[in-house]
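Remarks on the structure that follows.
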Amino acid sequence: MTLNKKSRQPTHNDRVVLDFEDNRLLPLLFGQHDAHLARIEQMLDVIIVSRGNRLQIEGPLKSCQIAELTLTDLYKRLETGQSLEFGDVEGAIRLASADRENGSSNLEELNGGVQIDTKSRIIKPRTPLQAQYIRHLMNADITFGVGPAGTGKTYLAVATAVAKLMSGEVERIILSRPAVEAGENLGFLPGDMKEKVDPYMRPLYDALYDTLPAGQVEKRFASGQIEIAPLAFMRGRTLSNAYVILDEAQNTTFMQMKMFLTRFGLSSQMVVAGDPSQVDLPGSARSGLRHALQIVKELSGVAVVRFTDRDVVRHPLVSQIVRAYENGPGKS
C-alpha cells in the first residue's frame, strides 16, 4: 500500500489519498454496503470517497490522520488473513484517536503489539486500557479488572486463559462466580445443583465457545482441563499450574474474597473481574471486591486496571447508559 501525501485545500480541510494493492481485500475493508467506511466518517467527521483501489479522505488534519492510521491497520489485518468485525473498526478508531499525538505510524506501536492468539481467532485490544489489561493478563500474578459492563473484562481474561492453555503455559483453566441472586431465588430454580448454577456461568461459557471450537470445549471439560466452579466450592483447594478467573467479583463478601485470593498456588495466575457499581449482595453486606482493591494496591505482582464508560465496546448506547446511571438522578 502506498500513501500520497496530503495537500492543503482552500476549504481549510486536509486530504489524504490511500492506494491499496489487493483489490480482493477491499470489500472486507469497506464492509457490507460500505458500513465500515460510514462508521469512520461518522466518528471522525471526515468524507471518504473510493475509486477503484484508491481512497480519498478529506476533513480536519487530525481526523484525516486518524482515519489513515485506522484504515492502514485494518488493511494489514486483512493481509495477514484476519477477519474484521464492526467492533474492530470502532476499536481501531479509538486506539488511533487516543494515541495519535505520540507520533506513531501504526497501531502496532500504539498498543505495543498486544494481541491474544487463541488459535481459533486473534483478539486485539479495542481501547488503550484494554491493551494495558491484556499485558497484565499475560504477565501479572493477580490482575484486577474493574469497571462497567461491556468493557471486555471477562472476555479478555477467558481468551488469555485459553491462549495460555493451548500454548502449555498452564495445565488447566478454572472459572468461578459467586452464585448471588440478582432479585431471583436460586433455590426455586429447577434441576440439580449444576443445572441451577449454569445460568450464572453463561457469560463464561459464551467466552469459551467464542475462543475455542465447541468440540474442544467439551473435550477439555471432560478431561478436567477446563473447570467451572461456583465460588462456594473453592474452599480448601490450592490452585496450582492454573489460570483462575473470578467473575462478578463485586458479589463476593469480605471472607469469600479472602478465601479466593488465598487459593493461589505455584505457577498460577489469577484474574478478578467485577463492576463495583452493580453489587447484588443482600442488606448491608460489604463487597469483598471493594475491600480487596484497597488492600492489594501496594502488593508486588498485583495489577489493577480500572475501566470507564469510554472503554465500553458494545453498542455505543451502552456507554451512554453507563454514563447516565453514574451521573443521573438517584445516584447513591
| said: Using every non-hydrogen atom in the two residues, find where Val312 and Arg94 come nearest and quote the distance to one decimal. | reply: O-NH2, 2.6 Å

| Do the side-chain N and O atoms of Arg220 and Gln225 include a donor-acceptor pair separated by under 3.5 angstrom? | yes

| Between Gln250 and Glu248, a side-chain donor and acceptor under 3.5 Å | yes

| Asp45 versus Ser63, side-chain donor and acceptor atoms under 3.5 Å | no

| query | How long is the gap from CG on Asn241 to CD on Gln269, to the nearest 0.5 Å? | reply | 11.5 Å

| note | Residues passing the ring pair (Phe, Tyr, Trp, His ring centres under 6.0 Å) test with Phe86, sequence neighbours excluded, are none

| Would you call Ile226 and Val162 a side-chain contact if the rule is heavy atoms closer than 4.5 Å? | no

| query | Under a 4.0 Å N-O cut-off, is there an ion pair linking Arg126 with Glu85? | reply | yes

| task | Report the distance from atom CD1 of Ile48 to atom CD of Glu41, rounding to the nearest 0.5 Å. | result | 5.0 Å

| What are the two closest heavy atoms between Cys64 and Val46, and how far apart are they? | N-CG1, 4.2 Å

| Taking everything shown except Arg306 itself, do over 12 heavy atoms lie less than 6.0 Å from its CZ? | no

| query | What is the minimum heavy-atom distance between Phe30 and Ser50, and which atoms define it? | reply | CE1-CB, 3.9 Å

Name every donor-acceptor pair, under 3.5 Å, that has one atom in a side chain of residues 139-148 and the other anywhere in the protein, sequence neighbours excluded.
| residue | atom | partner | partner atom | Å |
| --- | --- | --- | --- | --- |
| Asn139 | ND2 | Arg135 | O | 3.0 |
| Thr143 | OG1 | His136 | O | 3.2 |

| Quick one: does Arg77's side chain get under 4.5 Å of Leu84's, heavy atoms only? | yes

| query | At their closest point, which heavy atom of Leu261 faces which heavy atom of Ala292, and how far apart are they? | reply | CD1-CB, 4.5 Å

| said: Tell me if the CZ atom of Arg121 is crowded by more than 12 foreign heavy atoms within 6.0 Å. | reply: yes

| query | So if you build clusters from Ile, Leu, Val, Met, Phe, Trp, Tyr with side-chain heavy-atom gaps below 4.5 Å, do Leu246 and Val271 land together? | reply | no

| field | Check: Tyr205 ring centre within less than 6.0 Å of Phe221 ring centre | value | yes

| task | Could you state whether Met270 and Tyr243 fall into the same hydrophobic cluster, counting links through intermediate Ile, Leu, Val, Met, Phe, Trp or Tyr residues with side-chain heavy atoms under 4.5 angstrom apart? | result | no

| Does Ile93 reach the side chain of Leu44, with side-chain heavy atoms less than 4.5 Å apart? | yes

| Phe254 and His291 aromatic ring geometry - parallel, tilted or perpendicular at 30°/60° bounds | perpendicular

| task | Verify the distance criterion only: is there a donor paired with an acceptor across the side chains of Asp206 and Tyr155 at less than 3.5 Å? | result | no

| query | Considering residues, nucleotides and ligands other than Gln294, do more than 12 of their heavy atoms fall under 6.0 Å from its CD? | reply | yes

| query | Would you say Ile47 has more than 12 foreign heavy atoms packed within less than 6.0 Å of its CD1? | reply | no

| query | Can you list the steps and then say if Asp14 with Lys62 is a salt bridge (Lys or Arg N to Asp or Glu O under 4.0 Å)? | reply | CA-CA 9 Å; Asp14 284 85; Lys62 184 176 180 180; over 6 Å; no

| With side chains defined as the heavy atoms from C-beta onward, is the minimum distance between Ile245 and Ile174 less than 4.5 Å? | no

| remark: Applying salt bridge (Lys or Arg N to Asp or Glu O under 4.0 Å) to Glu171 and not counting sequence neighbours gives none

| query | Less than 4.5 Å apart, any side-chain heavy atom of Met234 and any of Leu239? | reply | yes

| message | Are Glu79 and Leu25 packed together at the side-chain level, in the sense that at least one heavy-atom pair is separated by less than 4.5 angstrom? | response | yes

| query | Looking at side-chain heavy atoms only, is the closest gap between Gln256 and Asn251 below 4.5 Å? | reply | no

| task | Indicate yes or no: at least one non-hydrogen side-chain atom of Lys124 is less than 4.5 angstrom from one of Ile116. | result | no

